[in-house]
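This is a predicted model, so every value here is computed, not measured.
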Amino acid sequence: MTVAALIVAAGRGTRAGPGAPKQYRLLGGEPVLRRTLAAFALHEGVSHVLAVIHPDDADAYEEAARGLPKLLPPCAGGASRQASVLLGLEALAAAAPARVLIHDGARPLVSAEIISRSIAALDSHQGALVALPVTDTIRRAAKGIAGDTVPRDGLWRAQTPQAFHFDAILDAHRKAAGADFTDDVAVAAAAGIEVAMIEGDEANMKITGADDLARAERLIASAGETRTGSGFDVHRFGPGDHVMLCGVRVPHDAGLVGHSDADAGLHALTDAVLGALAQGDIGQHFPPSDPQWNGASSDRFLAHAAKLAREARARIVHVDVTLICERPKIGPHAPAMRARIADILGIEVARVSVKATTTEGLGFTGRAEGLAAQALATLSFS
């Protein structure tokens, strides 16, 4: 059984105020849409993820989606949400999923449990709607004056995802083309599809305005866990005319000796990220006894650690690398090193620190026999 997720993210989000559309605003240091995509892309029950986006947002989408698994090429949305969903379903048809979860791109805090329950509900129902029962008193109003109380029995606040058997909802949307339904459950109901109710979660909020972004930030901060990992690496000098440090080729009158490219900076940082994940060390993932890593570029090691972090729903908040050597001079190359690390990890340069120190002529680094690197990585789990 294949399950696809269709993420609807073609809106302009004007109620969020001036600036980028709300799905590309930063939430906890990441675009809102990236968090939404990751929730489904990293869920073991989801096989494909397709986003419906505005044509003007292609570059912003690529940045938000970078490095996530299971993503199909996005498709352009239509003039309304309903039209966008139909375009997305048509684009998904080639993948032939058995089931589909339709979700708002501006609901980034959907839990893995809700996704799992939505999928499971389709074992016994044609469709499923995540929603919350109304608990507040509901009143009608006219010209700002409170009116009659509306009975709240049986009233629910709809959320997403809204889950369906794929062929049935695609057929329903095709038949409803040109109508003006408010959500996919309304489209389904018009086609006679019975939809079960699944209790949702207050945290599964839809971000509409700036206040919602602030609330979502608070939810992330209160629910998350922060871990720190450390790494250390040493390589001796040998023949060569350059060294690789933090992914940057630095001219030098010697090289570094190692099984890969001997980039001590990236090796230490890789170990730091793996340490925060409690995933062992670089040698366990890339054994030096394996000839395929002979001369390998160390950016592959750090990219692997970053991938493991994404799969663990962890965000790399900050990394700090200290290079310990008498030579070469690190200062002139530090900006390029920061930029390269940020690119490999998919984070902002402002979250990357690279600095250098000496041992005042003491020890093997003081004698210029080699260099060392130590690193710290801080990860946030939400």
Side-chain angles (χ1 to χ4, degrees), residues 29 67 227-277 281-283 285-286 288 293-307 309 315-379:
R227 300 183 196 168
T228 300
S230 66
F232 182 79
D233 194 43
V234 171
H235 285 285
R236 62 183 175 86
F237 287 127
D241 60 2
H242 74 280
V243 295
M244 291 299 298
L245 288 174
C246 296
V248 174
R249 181 187 175 102
V250 178
H252 190 44
D253 58 8
L256 287 171
V257 178
H259 188 62
S260 62
D261 62 5
D263 188 330
L266 292 191
H267 291 181
L269 184 53
T270 299
D271 267 354
V273 175
L274 292 174
L277 294 168
D281 60 32
I282 193 170
H285 294 263
F286 304 96
W293 308 121
N294 186 22
S297 175
S298 296
D299 58 0
R300 297 173 64 182
F301 307 157
L302 185 58
H304 172 74
K307 177 176 178 290
R315 181 171 65 93
I316 299 174
V317 176
H318 180 259
V319 297
D320 181 22
V321 179
T322 302
L323 300 172
I324 306 166
C325 57
E326 298 292 332
R327 58 187 180 92
K329 295 297 183 184
I330 302 302
H333 306 283
M337 293 176 180
R338 294 178 64 210
R340 182 64 185 129
I341 290 171
D343 183 60
I344 297 169
L345 294 178
I347 62 178
E348 301 91 341
V349 174
R351 296 182 181 275
V352 179
S353 170
V354 174
K355 57 190 185 296
T357 190
T358 72
T359 55
E360 300 294 337
L362 301 175
F364 77 91
T365 58
R367 295 189 297 270
E369 296 171 0
L371 57 76
Q374 62 184 26
L376 292 174
T378 303
L379 276 61

Step-by-step side-chain hydrogen bond (donor to acceptor under 3.5 Å, both in side chains) determination, His235 to Asp233 = CA-CA 7 Å; His235 285 285; Asp233 194 43; 2.9 Å; yes

inquiry  = Strictly distance-based, threshold 3.5 Å: is any side-chain N or O of Arg351 a donor or acceptor partner for the main-chain N or O of Val317?
reply    = yes

message = Is it true that, when you exclude Lys307 itself, more than 12 heavy atoms of the residues, nucleotides or ligands shown sit nearer than 6.0 Å to its NZ?
response = no

query = How about Cys325 and Ile330: do any of their side-chain heavy atoms sit closer than 4.5 Å?
reply = yes

message = Ring centroids only, cut at 6.0 angstrom: are His259 and Phe286 within range, meaning strictly under it?
response = no

Separation between CG of Leu345 and CD1 of Ile316, rounded to the nearest 0.5 Å = 4.5 Å

inquiry  = Quick check on the 6.0 Å ring-centre criterion: do Phe232 and His267 meet it?
reply    = no

ask   = Once you round to the nearest 0.5 Å, how far does CD of Gln374 lie from CD1 of Ile324?
value = 4.5 Å

task = Report yes if some heavy atom in the side chain of Ile341 is under 4.5 Å from a heavy atom in the side chain of Val319; otherwise report no.
result = yes

request  = Quickly, which of Asp261, Val250, Asp263 forms a side-chain contact (heavy atoms from CB on, under 4.5 Å) with Val243? Name it, please.
outcome  = Val250

task = Answer yes or no: is there a side-chain heavy-atom contact under 4.5 Å between His242 and His252?
result = no

message = Ignoring hydrogens, what is the shortest heavy-atom contact between Thr228 and Ala276? Give both atom names and the distance.
response = C-CB, 4.0 Å

message = Surrounding CZ of Arg236 (heavy atoms of other residues, nucleotides or ligands, distance under 6.0 Å), is the total greater than 12?
response = no

key: Arg327 side chain reached by Asp253 side chain, heavy atoms, under 4.5 Å   = yes

Considering all heavy atoms, the nearest Asp281-Leu274 contact = C-CD1, 3.6 Å

key: Val234 and Phe364: CA distance, side-chain angles, deciding distance, side chain to side chain contact (heavy atoms under 4.5 Å, CB included) verdict   = CA-CA 10 Å; Val234 171; Phe364 77 91; 3.4 Å; yes

request  = Examine distances only and state if a side-chain atom of Thr359 and a backbone atom of Gly366 form a donor-acceptor pair shorter than 3.5 Å.
outcome  = yes

key: Side chain to side chain, Leu362 and Arg367, heavy atoms closer than 4.5 Å   = no

inquiry  = Looking at Arg227, I want to see if its CZ is surrounded by more than 12 non-hydrogen atoms of other residues, nucleotides or ligands under 6.0 Å.
reply    = yes

inquiry  = Quick check: closest heavy atoms across Ser230 and Leu376, and the distance to 0.1 Å?
reply    = CB-CD2, 3.7 Å

request  = List the atom of Leu245, the atom of Ala264, and the distance in Å for their closest heavy-atom pair.
outcome  = CD2-N, 4.5 Å

ask   = Which atom pair, heavy atoms only, marks the closest approach of Ala272 to Ala375?
value = CB-O, 3.8 Å

Minimum heavy-atom distance between Leu323 and Ala373, given as atom pair plus value = CD2-CB, 3.7 Å

query = Does any non-hydrogen side-chain atom of Asn294 lie less than 4.5 Å from one of Ser260?
reply = no

message = Any heavy-atom pair between the side chains of Arg340 and Asp299 that's under 4.5 Å?
response = yes

inquiry  = Looking at Arg338 and Val349, would you say the former's side chain and the latter's main chain have a donor-acceptor pair under 3.5 Å?
reply    = yes

query = Can you check side chain to side chain contact (heavy atoms under 4.5 Å, CB included) on His318 and Ile347, steps first, answer last?
reply = CA-CA 9 Å; His318 180 259; Ile347 62 178; over 6 Å; no

query = Can you tell me if Asp271 uses its side chain to pair, donor with acceptor, with the backbone of Ile282 under 3.5 Å?
reply = yes

request  = Report yes if the side chains of Leu371 and Leu256 come closer than 4.5 Å at any heavy-atom pair, otherwise no.
outcome  = yes

